[in-house]
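Note sheet for the following structure.
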Amino acid sequence: MQSIPPALLEHPFTRATAATYGITPRMLEGRRFRRLLKDAYVATPVPLTHEVRCRAARLAIPHGVLSHASATVVKGLPLGIVEPEPVKPHVTTPLGCSTADRRGLINHVELLPAWQITTSRLGPVTTAARTFLDRSAEQSLEDLVALGDAALNRKLATKDDLETVLEWGAGRRGVVNARRALRLLDGRAESAMESRARLILVLAGLEWPEVNTDVHDADGEWLARGDLVYRKARLIIEYDGRIHLSEARRRADLRRRNLLTAEGWTVLYVTADDILRHPERFLAMVENLLAG
């Protein structure tokens, strides 16, 4: 039996590409290969990741642009907190372009100006700003803020970019959610959980905390960098998502906390459980500390 050429063990390929390596259509229908989309195949040993499926979509619909959840994954932006990585790739096909076979993917036929398209390792993809608009019809306010914060933090978009796309998309489904999220974005946030923690506080009417900012002692010496800081109340809120800490790191954290305490700071550590399951308890703790 003819072995699978190494070049076909990397990415999806078309029948024409397979033919150049001596792979016949009949062989493609065997157990050694999988048909993902129309004229898009992959060798069976290749793991079916979302990236592989997106590459197959680019072969099946060359004029398509990766968008929505697929653009989110490709750009490394956060999906919704309970949203799994999509199985089917999302592709936006500009109006007027025909798509003969849409099985195996989710095709959005919409207006897509050139200025809302950028490049990626997988080919054309919607810009972060257009992705923010597209996802606004699919995501909660909290998830959309986390996505927008990440886009700003990684400099994939500016607030002006987001505002421009939202003006262009006026009247589209989700744009009201997007405009509300835009007012709540802070590009200094470095994780989705930081974004969600800040949102709990701000939506409850509390003052907007400083985000990922430095704290110094009375002599101006650096003490720490806090996730969320209420400077007047000398309160630092830290999101703790770490599962395993080295002994050296644990001791360093304790020393830092002792130094902050000696300078009159209170450090409140919160976890995903506090933010996702008991936000009212988290809010009450912060309100009590601010009042005290």
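- Side-chain heavy atoms closer than 4.5 Å link hydrophobic residues (I, L, V, M, F, W, Y) into clusters, and following such links, possibly through other members, connects Ile275 to Leu147.
- Distance check: His68 NE2 to Glu138 CD gives 5.0 Å after rounding to the nearest 0.5 Å.
- Of all heavy-atom pairs between Asp186 and Trp208, the closest is OD2-NE1, 3.2 Å.
- Checking side-chain atoms of Asn288 against main-chain N and O of Ala284 turns up a donor-acceptor pair under 3.5 Å.
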Between Glu163 and Arg179, is the salt bridge (Lys or Arg N to Asp or Glu O under 4.0 Å) condition met? List the steps. CA-CA 8 Å; Glu163 181 63 44; Arg179 288 197 176 281; 3.1 Å; yes
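- Arg188 CZ to Asn212 CG: the interatomic distance, rounded to the nearest 0.5 Å, is 8.5 Å.
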Given side chain to side chain contact (heavy atoms under 4.5 Å, CB included), test Ile237 with Leu235 step by step and report yes or no. CA-CA 7 Å; Ile237 302 168; Leu235 171 63; 4.3 Å; yes
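- With Asp149 contributing its side chain and Leu185 its backbone, the two residues share no donor-acceptor pair below 3.5 Å.
- A distance of 7.5 Å separates CG in Leu59 from CG in Asp39, rounded to the nearest 0.5 Å.
- Cluster membership for Val125 and Val165, using ILVMFWY side-chain heavy atoms within less than 4.5 angstrom, is not shared.
- When hydrophobic clusters are built by joining Ile, Leu, Val, Met, Phe, Trp and Tyr residues whose side-chain heavy atoms come closer than 4.5 Å, directly or via intermediates, Leu36 is not grouped with Val73.
- With no hydrogens or angles considered, no side-chain donor-acceptor pair links Thr17 and Thr20 at under 3.5 Å.
- Pairing each heavy atom of Asp134 with each of Ser67, the nearest pair is OD2-CB, 4.3 Å.
- Ion pairing of Arg225 with Glu190 is present here, as a side-chain N (NZ or NE/NH1/NH2) and a carboxylate O approach within less than 4.0 Å.
- The closest donor-acceptor contact from the side chain of Arg173 to the backbone of Ala137 lies under 3.5 Å.
- Without hydrogens or angle criteria, Asp143 side chain to Ile81 main chain gives a donor-acceptor distance under 3.5 Å.
- In this structure, Pro12 and Val52 have side chains that are in contact, with non-hydrogen atoms separated by less than 4.5 Å.
- Using modelled atom types and a 3.5 Å distance limit, the side chains of Thr93 and Asn107 yield a donor-acceptor pair.
- No side-chain heavy atom of Thr266 sits less than 4.5 Å from a side-chain heavy atom of Ile236.
- By the 4.5 Å heavy-atom criterion applied to side chains, Ile117 and Leu112 are counted as neighbours.
- Judged by distance alone, with hydrogens and angles left aside, the side-chain atoms of Asp273 form no donor-acceptor pair with the main-chain N or O of His278 at under 3.5 Å.
- Thr271 and Asp274 form a side-chain donor-acceptor contact under 3.5 Å, judged by distance and modelled atom types alone.
- From Arg234, atom CZ reaches atom CH2 of Trp265 across 5.5 Å, with rounding to the nearest 0.5 Å.
- The side-chain heavy atoms of Leu228 and Val211, taken from C-beta on, include a pair separated by under 4.5 Å.
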Is there a side chain to side chain contact (heavy atoms under 4.5 Å, CB included) between His108 and His90? Walk through the geometry before answering. CA-CA 7 Å; His108 308 264; His90 288 253; 3.0 Å; yes
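- Of all non-hydrogen atoms in Leu79 and Glu85, the two that sit nearest each other are CD1-CA, 3.8 Å.
- Of the possible polar contacts, none joining the Thr213 side chain to the Glu210 backbone as a donor-acceptor pair under 3.5 Å is found.
- A donor-acceptor distance shorter than 3.5 angstrom exists from the side chain of Asp161 to the backbone of Thr158, with no hydrogens or angles considered.
- When side chains are defined from C-beta on, Thr131 does not count as touching Leu156, because their heavy atoms never get closer than 4.5 Å.
- Side chains of Gln139 and Asn177: no donor on one and acceptor on the other come within 3.5 Å.
- Residue Pro78 comes nearest to Ala146 through the heavy atom pair CG-O, 3.6 Å, listed as atom of the first residue, atom of the second, then distance.
- A donor-acceptor contact closer than 3.5 angstrom is absent between the side chains of Thr127 and Thr118.
- Summarising the geometry, atom CD belonging to Glu51 is positioned 4.5 Å from atom CG belonging to Leu122; distances are rounded to the nearest 0.5 Å.
- Using a 4.5 Å cut-off on side-chain heavy atoms (C-beta onward), Leu66 and Thr126 make no contact.
- Contact check on Arg130 versus Glu110 returns a salt bridge, with a Lys/Arg side-chain nitrogen under 4.0 Å from an Asp/Glu carboxylate oxygen.
- Using the six-membered ring where Trp is involved, Trp115 and Trp168 have ring planes that are perpendicular, over 60° apart on the 30 and 60° scheme.
- For the pair Ala128 and Lys75, the tightest heavy-atom approach, listed with the atom from each and the gap, is N-CE, 3.6 Å.
- Using a distance-only test at 3.5 Å, with no hydrogens or angles considered, no donor-acceptor pair links the side chain of Glu194 to the main chain of Tyr239.
- In this structure, Arg196 and Leu276 have side chains that are in contact, with non-hydrogen atoms separated by less than 4.5 Å.
- The backbone N or O of Ala224 lies less than 3.5 Å from no partner atom in the side chain of Arg256, so there is not a single donor-acceptor pair.
- His50 and Ser70 form a side-chain donor-acceptor contact under 3.5 Å, judged by distance and modelled atom types alone.
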Tell me, with the steps shown, if Phe13 and Leu28 meet side chain to side chain contact (heavy atoms under 4.5 Å, CB included). CA-CA 11 Å; Phe13 52 87; Leu28 286 176; 3.7 Å; yes
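- Checked by atom type, the side-chain pair Asp217/Trp222 shows no donor-acceptor distance below 3.5 Å.
- Counting only heavy atoms from C-beta outward, the side chains of Val229 and Pro209 never approach each other to under 4.5 Å.
- Side-chain N or O atoms of Thr44 include one that pairs as donor or acceptor with a backbone N or O of Arg32 at under 3.5 Å.
- Rounded to the nearest 0.5 angstrom, Tyr41 OH and Arg34 CZ are separated by 14.5 Å.
- Taking every heavy atom of both residues into account, Val175 and Gly171 meet most closely at CG1-N, 3.9 Å.
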Start with the C-alpha distance between Leu289 and Tyr230, add both sets of side-chain angles, then the distance that settles side chain to side chain contact (heavy atoms under 4.5 Å, CB included), and finish with yes or no. CA-CA 10 Å; Leu289 290 170; Tyr230 284 102; over 6 Å; no
